[in-house]
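No experiment lies behind these values; they were computed from the predicted model shown. In what follows, every chain begins at residue 1, and chains take the letters A, B, ... in the order their sequences are listed.
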Number of protein chains: 2
Amino acid sequence: MQTTIYDISKKSGVSIATVSRVLNNKKGVSEKTRQKVLAVMEEIGYTPNAFARGLGLNTIKTVGIMCMDVSDIYLASAVSTLERELRHKGYDSLLCCTGANAEDKRSYLQVLLSKRVDAIILVGSHFISGGDSGYIIEAARQVPIILINGYIKGENIYCMLTDDFGLVRDAVSQLINGGHRRILYVYDTTTYSGRQKMDGYKTALTQAGIPIEEELILFCKKNLEESQEKIGQLLDQGVGFDAVVCAEDEQGVAAVKAAIERGIPIPEKMEVIGYNNSILSRCSEPGLTSIDNRVEASCMTAINTLFGVFEGKDFPDRILISGELVKRSSTKI
Amino acid sequence: MQTTIYDISKKSGVSIATVSRVLNNKKGVSEKTRQKVLAVMEEIGYTPNAFARGLGLNTIKTVGIMCMDVSDIYLASAVSTLERELRHKGYDSLLCCTGANAEDKRSYLQVLLSKRVDAIILVGSHFISGGDSGYIIEAARQVPIILINGYIKGENIYCMLTDDFGLVRDAVSQLINGGHRRILYVYDTTTYSGRQKMDGYKTALTQAGIPIEEELILFCKKNLEESQEKIGQLLDQGVGFDAVVCAEDEQGVAAVKAAIERGIPIPEKMEVIGYNNSILSRCSEPGLTSIDNRVEASCMTAINTLFGVFEGKDFPDRILISGELVKRSSTKI
DNA sequence: TTGTAAGCGTTATCAT
DNA sequence: ATGATAACGCTTACAA
């Protein structure tokens with residue numbers, strides 16, 4: 001059985017109230033008593049029960065973090081940053097990987113609420129793709145909700161937004177300025193963020209007076225081998241393109257590999273741009289130029305916002321985080 | 001304010017006991033009453049308080065997961081598997097990234113204990129490198145502790161072990177059989193697991209009657225650029241080796257890149273083997289042959305063991321998980 | 001089938 | 001400076 005303050009109380013000959021005071025470093029306890037109590041705690045290896053504490057205080061200093069899948073490099077780096085910052089502030093992280101199923105997301109959110117987390121952070125725009133974000137707005141009535149890379153309008157909801165649209169548009173524009181007319185776009189999702197990126201691609205073309213061609217837009221699961229195969233097929237079919245922009249680094253690497261496989265020199269005969277500036281872009285050979293939307297910055301800002309909200313301060317419900325294009329050897333631009 | 005079973009009780013005209021019964025799907029409640037209570041719950045958007053429940057039952061259906069850093073690909077994939085399996089069983093995961101500091105590991109473990117997690121899973125052999133694993137043995141008096149890829153002897157501690165030693169030894173032996181005599185070994189840590197790998201390298205050499213040369217053992221932080229630079233220097237200095245075995249895929253990729261940078265064809269003039277069979281090994285160009293110690297299998301077995309322990313079954317305190325060498329284009333073997 | 005009441009381990013408010 | 005006690009929201013005998 002676990003030991004309680006009653007055990008400490010009995011063994012040290014003081015009341016549980018005093019034990020509690022010592023435990024919480026409250027003043028109004030004589031130094032002698034304090035020492036005695038601490039000694040007993042040490043001796044019997046006492047660990048306070050956070051439930052009991054949480055029951056009374058109605059806070060357990062824990063924040064729920066929801067994401068599709070931590071094994072995804074991008075999400076893992078976000079979760080890592082969030083967890084670290086939360087811990088610095090004395091909060092724990094209850095991790096919840098939802099997968100793609102909408103019903104699961106809903107019920108997992110309920111689980112987090114029932115564990116009385118002090119806030120919930122949703123990472124990735126997957127949470128607003130289904131259209132039905134009502135349950136999130138509903139949940140925000142109980143605790144503040146922070147979105148990393150997504151936007152939902154609602155009371156007590158705070159959104160960190162990345163300019164995915166502008167970043168892709170500018171990158172594509174640079175390719176166009178570099179003389180490219182036929183640019184392949186590879187994507188894997190149609191979440192909010194995914195649509196923003198695609199719109200960026202299309203807008204850049206339109207602005208340059210280049211027609212949008214469906215055969216130059218390739219949907220493909222985010223899987224290296226599968227992407228490589230599909231891009232390779234396009235190459236073999238002679239669809240004809242001399243630049244590739246991908247919604248994910250993994251696909252960018254696939255594009256590079258598909259080209260090399262066919263003896264197409266990169267970046268001379270084909271330029272490739274990925275997204276996320278992850279370690280994959282650095283592993284690529286040649287190195288993959290990649291768009292960095294700065295998740296880490298988004299996460300830091302998110303935590304900042306959250307603690308501001310905890311303190312009752314007024315914060316904007318959406319904050320835009322800027323990104324940048326990180327150039328490596330897969331492009332000439 | 002949050003709603004409680006008292007609110008439901010009042011509004012539906014039944015006692016809190018009945019509300020509780022409905023909440024827990026217990027029998028002995030008339031269908032009519034059940035429906036009425038459920039309707040009220042739905043109406044006022046009731047969320048049960050897990051603290052209160054946990055206080056009485058002394059379990060909150062949550063498992064603590066500790067690792068150095070989830071942004072590490074290997075650890076992220078482990079955490080992902082653990083979280084998923086735990087959730088299937090109805091458990092949440094309290095994530096705790098400790099960083100390298102020993103004192104932090106200690107105190108974070110205390111935090112988990114105070115949150116009354118039902119078990120603690122330690123991922124990675126970092127937890128037993130400091131030598132002082134007393135606090136873990138101590139913690140095991142309160143809850144079962146599972147180690148992924150590490151071994152500590154103690155009551156209520158269960159260890160999933162990987163044969164890092166044998167895997168590296170066999171891989172190096174294969175290189176030796178392939179005609180290599182001067183094989184560079186690159187490593188980044190001296191944790192338990194790290195030492196096992198190195199021992200595997202040395203043993204393979206010794207068994208083949210090849211002397212161990214210090215200049216062929218390179219310590220290097222797990223960082224792509226830094227590793228590439230250091231391995232490159234060795235190449236430039238003419239240290240002379242025609243195969244590289246790395247303790248991490250990231251370093252394997254670095255070795256491949258260092259060689260390519262100098263026009264050394266892979267695998268013809270140099271063979272490279274990495275470790276973990278992560279996505280990095282697939283991104284590498286040419287693809288990196290890599291040792292897979294099967295974290296996912298370790299994690300599944302860990303969860304299996306854990307729930308066996310929960311049910312009071314007797315489980316071995318150490319389980320060995322076998323791995324394999326996954327061959328890609330960076331080797332001829 | 002339903003209700004009453006004790007108990008879970010804290011914190012906080014009064015007294016003393 | 002210290003102690004007694006209510007309160008937190010739930011589960012679960014035990015009664016009715």
Completion exercise
Checking D:dC8, D:dT11, C:dA12 against the side chain of A:Leu55 (C-beta onward), the nearest is D:dC8

Exercise for the section: Please say whether more than 12 non-hydrogen atoms of neighbouring residues, nucleotides or ligands are located less than 6.0 Å from NZ in A:Lys11. Expected result: no

Problem - Closest listed nucleotide, where the reference is the side chain of A:Arg53 and the choices are C:dT13, D:dG9, C:dT11 - result: C:dT11

Exercise for the section: Please state how far atom CG in B:Asn25 lies from atom C1' in D:dC10, giving the value in whole angstrom units. Expected result: 16 Å

Handout entry: Nearest-angstrom distance from the residue atom CD of B:Glu31 to P of C:dT1
Key = 11 Å

Handout entry: Short side-chain N/O contact to D:dC8 OP1/OP2 from B:Asn49, under 4.0 Å
Key = no

Handout entry: For atom CG of A:Asn58 and atom P of C:dG9, their distance in whole Å
Key = 20 Å

Practice task
State plainly whether the residues B:Arg87 and B:Asp92 are in salt-bridge range, i.e. N to O under 4.0 Å.
Solution key: yes

Practice task
Can you tell me the distance, in whole Å, between the NZ atom of A:Lys10 and the C1' atom of C:dG9?
Solution key: 14 Å

Handout entry: Basic-acidic side-chain contact under 4.0 Å: A:Arg106, A:Glu138
Key = no

Problem - Separation of atom CD1 in A:Ile16 from atom C1' in C:dT11, rounded to whole Å - result: 9 Å

Practice task
Please determine if a side-chain N or O atom of B:Thr33 lies less than 4.0 Å away from the OP1 or OP2 oxygen of C:dT1.
Solution key: no

Exercise for the section: State whether the distance check finds a donor on one side and an acceptor on the other, under 3.5 Å, for side chain B:Arg116 versus base C:dG9. Expected result: no

Exercise for the section: Quickly work out the A:Ile60 CD1 to D:dG9 P distance and round it to whole Å. Expected result: 15 Å

Exercise for the section: Look at the side-chain N and O atoms of B:Thr4 and state whether any lies under 4.0 Å from the OP1 or OP2 oxygen of D:dG9. Expected result: no

Exercise for the section: Between C:dT1, C:dG3, D:dT2, spot the one nearest the side chain of B:Ser30, thanks. Expected result: C:dT1

Exercise for the section: Give a yes/no verdict on a cation-pi contact between B:Arg318 and B:Tyr151, requiring under 6.0 Å between NZ or CZ and the six-membered ring centre and an angle within 45° of the axis. Expected result: yes

Handout entry: Proximity of A:Tyr91 and A:Phe310 rings by center, below 6.0 Å
Key = yes

Handout entry: Value in whole Å for how far the P atom of D:dA1 lies from CZ of A:Arg34
Key = 10 Å

Practice task
When you get a sec, tell me which of D:dT11, D:dG3, C:dT11 is the closest nucleotide to the side chain of A:Ile5?
Solution key: C:dT11

Completion exercise
note: A:Leu23, atom CG; C:dT10, atom P; distance rounded to Å ~ 7 Å

Practice task
Please state whether the phosphate of D:dT12, meaning OP1 or OP2, lies under 4.0 angstrom from any side-chain nitrogen or oxygen of B:Lys26.
Solution key: yes

Fill in the blank from the handout: Taking for B:Tyr6 and for A:Thr18 the nucleotide of DNA chain D with the nearest heavy atom, the one nearer the 5' end belongs to A:Thr18

Exercise for the section: Output yes when at least one side-chain N/O atom of A:Ser20 is less than 4.0 Å from OP1 or OP2 of C:dT11, else no. Expected result: yes

